[in-house]
Amino acid sequence: MATATAPAGPATTATAAAAAAPLARAEQFIWLTARVLEQRRFAFHFLGGDADPVDAALGAYLGGDGGYGHALDPDLRGPLSHPLHTAHALRVLDGLGRCSGQRIERLCGHLTRVSTPEGALPVVAPGPGGYPAAPYHPPHDDPPGDLLTTGPVVGILHRNRVWHAWLFRATDFCWDRVENLRRSHPYEVQSAVAFLDGAPDRARASAAADRLGRLAREQRLVVLDPAHEDAYPPAPGYGPRERLHPYDFARRPESLARGWFTDAELRRSLDHLAALQQPDGGWPVHRGAWAPGSSLERRPIATLEALLTLRAYGLLPGRAQAV
């Protein structure tokens, strides 16, 4: 979506100050509430910080098996490595431009070991029980492969030109799931977009995205008018306010999901996202709260995602203003 250029002079200064205010408030929220990882990520993305401290903070979640654990994704507590944590770690590394090297080779080896017979990733890997987890991520002795985790992982690895034997069958799994979706739910569609945005076959990805966008609109999986959210009922198992908006699917203008929405629909959703910032400077989390620690840790993550999306569409300055 094109962003109009502000005129030179006092209006430009006022506009820049207005845009910087939400970022300054979010910075205070991050310092007050976030884990070290989210603090380092904020410093990297918005304060001109170095990537190495982010990398070091992420390394604290790395297990001896090459996977990630220790509640990197706040919904799965405990030290065990799970694919949901891997997807989170790769998003962090992708933002740093560091999805390469021996670490990724080891990670792909780990993914090979935890994959299902069809080559896909479950959401939660089987392992010793006893560690707390969100009720919507129940453990299984023989968990099925899921697009929810496989799609984002495969998409990021392809976008970073990672080649590993594990990717062949995992990619086939994603294509099969995406191209045969008939009924879905918002997070699954979001994960499908993450796959398609990185898939090497761009013509096939574009065709699949077009069909997926029609499905999302027809099944009312995306809120097209924030003023009438009640017209878009939450999916089964979702929280009362757990709905996804255009900015949740098209996180950046170059996403294939951007083509699903008119300029007016996208702008309404971005205005809605900006307006969701709370008085404390953070963004809310609408999924069901199940543990105090998980809810507290997820808000800074949601805040970073909101800031990065708003900046990608030119609605925030590149860096926080010095105070």
- [ ] Could you tell me which non-hydrogen atom of Leu62 sits nearest to which non-hydrogen atom of Tyr68, and how far apart they are?
- [x] CD1-CZ, 3.6 Å
TODO: Answer yes if the side chains of Thr171 and His158 hold a donor-acceptor pair under 3.5 Å, and no otherwise.
DONE: yes
Task: Working for salt bridge (Lys or Arg N to Asp or Glu O under 4.0 Å), residues Arg258 and Asp263 - done: CA-CA 9 Å; Arg258 171 62 185 89; Asp263 288 352; 2.5 Å; yes
Task: Any side-chain heavy-atom pair of Cys99 and Leu157 under 4.5 Å - done: no
- [ ] Please report the closest heavy-atom contact between Arg241 and His286, naming both atoms and the distance.
- [x] O-CB, 3.4 Å
Open item on the list: Side chains of Leu273 and Tyr313, heavy atoms from C-beta outward: is any pair under 4.5 Å?
Closed with: no
Task: Arg40, Arg41, Arg103 screened by salt bridge (charged side-chain N to carboxylate O under 4.0 Å, His left out) with Asp55, the one that passes - done: Arg103
Open item on the list: Would you call the rings of Phe249 and Trp260 parallel, tilted or perpendicular, taking 30° and 60° as the class edges?
Closed with: tilted
Task: Reported CZ-to-CD1 distance for the pair Arg35 and Ile30, which is rounded to 0.5 angstrom - done: 11.0 Å
Open item on the list: With a 3.5 Å distance limit and no angle check, can you tell me whether Glu242 reaches the backbone of Pro234 through a side-chain donor-acceptor pair?
Closed with: no
- [ ] Name the orientation class of the two ring planes belonging to Tyr238 and Tyr187 (parallel below 30°, tilted from 30 to 60°, perpendicular beyond 60°).
- [x] parallel
TODO: Tell me whether the guanidinium CZ or amine NZ of Arg177 lies under 6.0 angstrom from the six-membered ring centre of Phe195 and within 45° of its axis.
DONE: no
Task: Side-chain (Arg159) to main-chain (Ala194) donor-acceptor, under 3.5 angstrom - done: no
Task: Separation of Arg98 CZ from Ile104 CD1 (nearest 0.5 Å) - done: 11.5 Å
TODO: Please confirm whether the backbone N or O of Ile156 pairs with a side-chain atom of Arg91, one donor and one acceptor, at under 3.5 Å?
DONE: no
Task: Tyr232 six-ring centre to Arg220 NZ/CZ under 6.0 Å and within 45° of normal - done: yes
Open item on the list: Return the CD to CZ distance between Glu179 and Arg204, rounded to the nearest 0.5 Å.
Closed with: 4.0 Å
